[in-house]
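Okay, structure first, notes after.
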Amino acid sequence: MRSIIFEEIKNFVINRTVVAVLLIIAFSFSFIAVNITLTDFIYASNEQSAAEESYGDKTFYKITFIGEDEVINRLSSDEYKENIKNLYDSLKTSPLFDYNCTFKDSMLFYNADDTEYSSDDFPPHKKECLFGYEEGDADFYTSDDMLYLKAVYVSQGFEKEQHIELSSGSWFKTEDFNVSSPDNIVLPVLLGSAYKDICKTGDKIENAHPAVSKAVTLSVIGFLKENSYFYDNNNEKTILNRYMIIPNWDIGYDYVLNNQSYDSFFSDTYNIFNKIVNARIICSNENADAASEMFYKMLNDNKLYEFSLINETSGMRQYLSSLEGRTVSCGIIAVFMILLSVVMFCFQVYYNIRKNRKKYGIYMISGITFKQLFVLMIANALTIFILSDMLLCILNFSLNNGMILDFGTNDYTITVLFIIETLLSLFMAFFGLYKLKKMNLCTLLRENE
Amino acid sequence: MSLLSLENITKSYDKKTLVLKKFNLSVDSGEMVAITGKSGSGKSTVLNIISGIESADNGRYIFKGNDMLELSGDKMTVFRRENIGFVLQHFALIENNTVFKNIALPLYLKHEPKKVIKEKVVAIAKELEIDKKLDKIPKQLSGGEAQRAAIARAIINQPSLILADEPTGALDEDTGLKIMRIFRKLNKKGHTFIIVTHDPGIAAMCDRTIKIKDGKNI
Ligand SMILES: Nc1ncnc2c1ncn2[C@@H]1O[C@H](COP(=O)(O)OP(=O)(O)O)[C@@H](O)[C@H]1O
Ligand SMILES: [Mg+2]
């Protein structure tokens, strides 16, 4: 039997090379179309569920500003510090909406070799910094004089995020969000599960510089469960295993210095990026318009005209529907390609039987069983698929490396490929058997007459 | 001893015209029977029904005591493989395969071990005097050699019955006679033969002749 199967495959590949090549190409490209559709679909539904999970039925606004560097410089200048603080205070106390400022940012650690910092200040942290990254990843984020630690600055109520739990220690308390003295600042931090190996609750990370020029002490108060995650302000799912969680603090002390300038910790805290640009305004859908109106009134009161609101949720809705459109059109092409290759496969089976009907007739008078015929038909199909798989591998490898085309391989690529191939093989085999049954033996053997 | 019997067999391919009309045939073990008749009279159809390739619409068909019209699918195939060999007018050899592989085909399908296959094929090829041609492909054979290769394949499983549909139709007279002598030799060894032919000379060499006209015995 093995030699008969071998004969069958040899006959297919050698005597009908053109058909074989066409089938292989048709199938490979159909599959690429299917796979791209699938990837798009997975991406779109992930986005959709991320949106549902993070937005729920609320309206989310993001704050942005119009203008470039000069606007940033002005809004960040001491002149506007007080206005920013006032805006921030009124955002936090508005009854119409919730102010939330939970954002990913890096925490800077300065290089020990930098002359401004003594080498004693720095060394312990390098390890922690590097620990924030997957292996090899850190090089991207390090520069000669700085290291960035992955950090998330959180508003109060962060513990209410659905997918976050502590594995040990305790959550931030209300007073943790308030810095009451400019000296010996201690900020409590929670660490992602990956840090468990190098830190423990109660550890102090001295002389870190969380976006401020003042030395502070970070005190570890707990660890997150592995794979805790939340959706950040860009609605990006963020797994917190390698992050440090820091409270987004307010200033509770008198920050005006003798020379009428501001304390540097205050200045950094009321940086527009920290308090305003990274913030979200969250309200019920009914309150959406009123919330927006109120926000612009607050801007007016504080003479911060450059800011504006972006409705994140409606933008997301538009984006999702455009994704959906793309997926659908991709799907139509994929279906068309699959149909095309099914037609080609049918044609190949039909053509094969016509061309080799005498051979099949002889097999039949020599006592080939249904099962054996089935195996022969499957062998034809499998040959095509094995060669197609090889082509797909080569294409995927060379195109991806050349950055010409991304097939968008996803978690299901192999499974789906396998399922499609199995189904098509079975289909081809049954179609072939059906055809053979319909042409009776006399017709099959009549070849030479 | 009766090997097979067909009783009142009717058959139609298109449900309208009857190809066989109450056809009867009884063949004893060890007989060599000829079936003659005009082209289109239903001779091949009779062979197809005997072999189980086609099934009859009506009637009874008993082979070695088995009700053959009850068998179907792979059971029929296996029964055919063990009991019936085919020889056809145009030899029916696979063109790309060597004579050896052609003869061995039924054994491959039975999953016989390589060694056994080799022994059996060589023995039969010697008997039919084509052992020098085993590694040739059918195109390189003469008509007589090709037909002997086909006969070798037909008898490799030692079937009790051999069906030959116009076995000499594509051969010249001398070669045809040679094939008939081979048939007779095999017949003496115990194979039963049913030979379809329209050549009266060939028919005369058989034990008896069944005549068929428009699907009926005459
Ligand atoms: N597979 C078939 N489908 C339809 N009609 C057939 C088929 N095989 C044979 N016939 C018809 O049956 C009749 C008998 O055919 P056949 O048995 O081949 O005759 P013979 O072998 O005596 O020449 C013919 O009329 C032929 O056209
Ligand atoms: Mg005929």
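Just so we're on the same page: letters track the sequence lines, and every chain starts at 1. Just so it is clear, the model here is predicted, and its values are computed rather than measured.
By the 6.0 Å contact criterion, NZ on K22(B) is open, its count of non-hydrogen atoms from other residues, nucleotides or ligands being 12 or less. More than 12 heavy-atom neighbours from other residues, nucleotides or ligands sit within 6.0 angstrom of CZ on F79(B). Within a 6.0 Å radius of CD1 in I414(A), no more than 12 heavy atoms belonging to other residues, nucleotides or ligands are found.
Of the candidates I84(B), L88(B), V87(B), I365(A) forms a side chain to side chain contact (heavy atoms under 4.5 Å, CB included) with just one, namely L88(B).
For I4(A), the part sitting under 4.5 Å from any heavy atom of chain B is the side chain, from C-beta outward, and nothing else. The contact between N97(B) and chain A is made entirely by side chain atoms (from C-beta outward), counting heavy-atom distances below 4.5 Å. Residue K75(B): no heavy atom, backbone or side chain, is found under 4.5 Å from chain A. With a threshold of 4.5 angstrom between heavy atoms, S3(A) approaches chain B through side-chain atoms but not through N, CA, C or O.
One distance of note links CD of Q372(A) with NE2 of H111(B); it measures 4.5 Å at 0.5 Å rounding. Note that CG of N356(A) is 9.5 Å distant from CD of E95(B), once rounded to the nearest 0.5 Å. Put simply, CZ on F86(B) and OG on S366(A) are 9.5 Å apart, with the number rounded to the nearest 0.5 Å. With values rounded to the nearest 0.5 angstrom, Y363(A) atom OH is found 15.5 Å from T77(B) atom OG1. Expressed to the nearest 0.5 Å, how far NZ of K359(A) lies from CG of L105(B) amounts to 10.5 Å.
With K358(A) contributing its side chain and L93(B) its backbone, the two residues share a donor-acceptor pair below 3.5 Å.
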Trace of the side-chain contact (heavy atoms from CB on, under 4.5 Å) decision for L109(B) with T369(A): CA-CA 8 Å; L109(B) 293 172; T369(A) 58; over 6 Å; no
